[in-house]
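Below: the structure, in structure tokens.
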Amino acid sequence: MQSEQYDRQLTPSQKKAVSHIEGPLLVIAGPGSGKTRVITYRIAALIDSSVLPKNICAITFTNKAAEQMRQRTDALGTPTGAHISTFHSLCVRILRQYAAQANIKSNFSIYNDSDQTRCIKQATKDCGIDKKNFPPSRCLNTISSLKNSLIDTEPFEAQADDFFSKTLSKIYNRYQQILTENNALDFDDLLTKTAILLHKNKTVCSQLSNRFKFLLIDEYQDTNHAQYTIAKELASAHNNICATGDPDQSIYRWRGADIRNILDFENDWPDAVTIKLEENFRSTPNILEAADKLISKNKNRKQKVLIPTKPKGHDISVTSFDDEHEEALGIADQIKKLIKQKTTLNDIAIFYRINAQSRSLEEAFIKNKIPYQIIRGVEFYNRKEIRDMLAYLKVLANPADQIALLRVINTPARGIGKTTITKVLNFAASHKISLFDGLKKVEQISSLSKAPKTKIAVFVNMLEQFKADSSGKVGPLTERIFIESGLQNSFKAAGSEGSDAIENVNELINAIHAYDQQTEEPSLVDYLQQISLFSDTDTYDPSGQRIALMTLHAAKGLEFENVFIIGVEEGLLPHERSADDDDELEEERRLLFVGITRAKANLNITYARYRTIRGQFLRTIPSQFLFELGIDITPSDSELPEDHHDDGYYYDESTSQLPPQFKKNQLVRHEVFGLGRVQKYNDMGENSTATVKFNTGHIKTLMLKYTKLEKIKNL
DNA sequence: AAAACATACATTTTT
DNA sequence: TGTATGTTTT
């Protein structure tokens, strides 16, 4: 690429960011400011100034973003060879290369959520702890945040001084032990082990930071402490770190993302140059004005402006509906109108807070014959048949992977039942060998009769044969397993129910063939480690003529002409779990901000007055964010509820004045829920709400004009 | 050992 | 509400 070429295509500040080659650089860039463009051109500019591509490492937030960046740098005429990937993929690569130094085996399995849950349940059980007091999800969350803060088992054990921490420490220890026994790492381990390796092993650290002389990190606002450490270590030798991000778009706090990483960049790298990109090339001024109004309500924030460059467009629209079905049908109607106006379907996206909200949309779209695609986390890889197939591959790649082995040992049914497995497990435990080795020594297990022994021998023999065929390309092996394991036949026998499964496995096989062709040195271990980091979000096809449905989180980094954001109601957006924490509430606000700023031309916000939540038809409360956006949500008389008094809400016609105000901790009484304390009061004029924790344990957000809350004096 | 049934349980967002 | 696990039946 010639420098004149990007001269014409970049604004002055973008150009400045591109041409600042050496030393630490922070690019604070608002939405739609051409941030990705800057990184892409920067890679090209580095290569222009004769930096070798292999010395460049760019880190993106998703695989999808990495893929796009590769394509774009290629399009600029850049030779391929720059390492562009997510943090997790980079870590897999590093850990495999330096497995010995990291004290692991390079053929490790990567455990996902459900694998983790199994391990944590086992760990809790092994420690003799009641899972009712220490629920798996809670333990996993805590352990995850420990790992993200780089707190290993020993230091945690040392600092644990209360009952909860001490018990959790036991579980944490055993959990890590189980992972080691299975030769497995969880998602957090990938980051943690890499961070610790880089931090402790100066040889490895200097080798890698010499390999990656230029480090570029996108979406820096969403890095957690482990990722931060990795970045810092990798850049330690040369200081050539370029981070880009937008604190207002930080939406992954729950995953350990620490917004301070970006806010403190200038402290961490004292000679850092900071460039702000505040011009927005994506949205109309109308949309940006709304976005700014909303985000300004965040207190913990550096002031930033969004400068529109587009001409004035349509105002944002807010529509209310009776319930989620009406909402979906209403949107379908609007979309049909858009289609009549020659809008193409891939110019339309619908965002929601939680995946469950997609259901009513699907129904409405099927009814109206509108083509759509749902962008969801890991749908495909969560299918039973896919997980079964992958489990076979995992066992071959990593025989120590007991979870995978237990999954396939009797799938399809081959007469190796629970009692048999328990006997082998006991044998393996008493001889301190893995389950797989136990199966191999089945002849020595005296408690087993002849029939199960033979069945196990046949199974082991089958795996050994697969194993002999497991080097090089993965596709042929997968096909062989599908047939010879008996899985295909079991699906055929299941009739119409199994035909979907066969189709899905065929899709998997196709994907594996594609992997074989695209990869220089395809290998089973490599394929499995890559696939573990892949999600369906990465398969979104923007060229398809379909409407995109996704969560607000998945919308990050994308843009559409027409955006619908649905279910903007208290409890949903902001989500109820953020009600009692101001930081979390601010994150919810940022989430909506991200959604709003995806829209290029038309933004439609909707909410429903009633919504079915967990099977219950409940009156909703319009989101406080609507109020903050300056949107009048006063319902007209015809919209007021008449026959739904299900949740204790009612409308008192006599209260034409403003509802009473409350202070935090005010003791109150509610007709239905009884006594409670106000946790939070939201002054929204007529639409003010109070979040109350009742003695029943329920936490409710109540709209004060509908709900009679009696103030009780403290005794 | 598999299927049928019952009951508990959680239920945000994802690499 | 739906999933996921546990229990009973065949």
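Just so you know, these numbers use all the heavy atoms, side chains as well, and skip hydrogens, waters and symmetry mates. Everything numeric here is computed off the predicted structure, so don't read it as measured data. Lettering of chains follows the sequences in order, A, B, ..., and the numbering in each one begins at 1.
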(request) When you get a sec, tell me which of B/dT13, B/dT15, B/dT12 is the closest nucleotide to the side chain of A/Trp254? (result) B/dT13

(request) Between B/dA2, B/dT15, B/dT14, spot the one nearest the side chain of A/Asn410, thanks. (result) B/dA2

(message) Which nucleotide wins on minimum distance to the side chain of A/Lys121, given the candidates B/dA2, C/dT5, B/dA1?
(response) C/dT5

(message) Need the pair for B/dT13. Rule: Watson-Crick or G-U wobble, both distances under 3.5 Å, any strand; none if unpaired.
(response) none

(request) Tell me yes or no: between the side chains of A/Ser114 and A/Asn112, is some donor less than 3.5 Å from an acceptor? (result) yes

(request) Please report, rounded to the nearest Å, how far the P atom of B/dT13 is from the CZ atom of A/Phe61. (result) 15 Å

(request) Round to the nearest Å and state the distance from A/Asp113 atom CG to B/dT12 atom C1'. (result) 12 Å

(message) Pick the closest DNA chain B nucleotide for A/Arg255 and for A/Arg414 by heavy atoms, then say which residue is nearer the 5' end.
(response) A/Arg414

(request) Could you check which of B/dT12, B/dT13, B/dT15 has an atom nearest any side-chain atom of A/Phe187? (result) B/dT15

(message) OP1 or OP2 of C/dG2 versus the side-chain N and O atoms of A/Arg359: is any pair under 4.0 Å?
(response) yes

(request) Find the distance A/Leu140:CG to B/dT11:P and express it as a whole number of Å. (result) 12 Å

(message) Without decimals, in angstroms, what is the distance between A/Leu552 CG and B/dT13 P?
(response) 11 Å

(message) Is it the case that the ring center of A/Trp254 lies less than 6.0 angstrom away from the ring center of A/His575?
(response) no

(message) Can you tell me if A/His88 is stacked onto the base of B/dT15, using a 5.5 Å centroid cut-off and an angle below 30°?
(response) no

(request) Look at the side-chain N and O atoms of A/Asn112 and state whether any lies under 4.0 Å from the OP1 or OP2 oxygen of B/dT15. (result) no

(request) Nearest whole angstrom, please: distance from the P of C/dA4 to the CG of A/Asp115. (result) 14 Å

(request) For A/Tyr252 and A/Phe61, run ring pair (Phe, Tyr, Trp, His ring centres under 6.0 Å): C-alpha distance rounded to whole Å, both residues' side-chain angles, the deciding distance at 0.1 Å, then the answer. (result) CA-CA 11 Å; A/Tyr252 283 88; A/Phe61 191 72; 4.8 Å; yes

(request) Please determine, for the side chain of A/Thr551, which listed nucleotide (B/dT12, B/dT14, B/dT15) has the closest atom? (result) B/dT14

(message) Please report the distance separating the C1' of B/dT12 from the corresponding atom of C/dT5, rounded so that it comes out in whole Å.
(response) 23 Å

(message) For A/Glu588 and A/Pro412, find the nucleotide of DNA chain B closest to each by heavy atoms; which residue's nucleotide sits nearer the 5' end?
(response) A/Pro412

(request) Scan A/Ala413 against the nucleic acid and name what it touches under 4.0 Å (heavy atoms): base, sugar-phosphate only, or nothing. (result) sugar-phosphate

(message) Taking the six-membered ring of A/Phe560 as reference, does the cationic atom of A/Arg598 (NZ for Lys, CZ for Arg) lie under 6.0 Å from its centre and within 45° of its axis?
(response) no

(request) Using only heavy-atom distances, determine whether the side chains of A/Asn182 and A/Asp401 contain a donor-acceptor pair under 3.5 Å. (result) no

(request) Would you kindly give the CD-to-P distance between A/Glu67 and B/dT15, to the nearest whole Å? (result) 15 Å

(message) Using a 4.0 Å heavy-atom cut-off, does A/Leu90 contact any base of the nucleic acid, only the sugar-phosphate backbone, or nothing at all?
(response) nothing

(request) Round to the nearest Å and state the distance from A/Phe351 atom CZ to B/dT12 atom C1'. (result) 17 Å

(message) Can you confirm whether or not the ring centre of A/Phe164 sits under 6.0 Å from the ring centre of A/Phe134?
(response) yes

(message) Just the rounded figure in Å: distance from P of B/dT13 to CG of A/Leu592.
(response) 17 Å

(message) What's A/Tyr252 touching, base or sugar-phosphate or nothing? Going by heavy atoms closer than 4.0 Å.
(response) sugar-phosphate

(message) Which nucleotide wins on minimum distance to the side chain of A/Thr419, given the candidates B/dA1, B/dT14, B/dT12?
(response) B/dA1

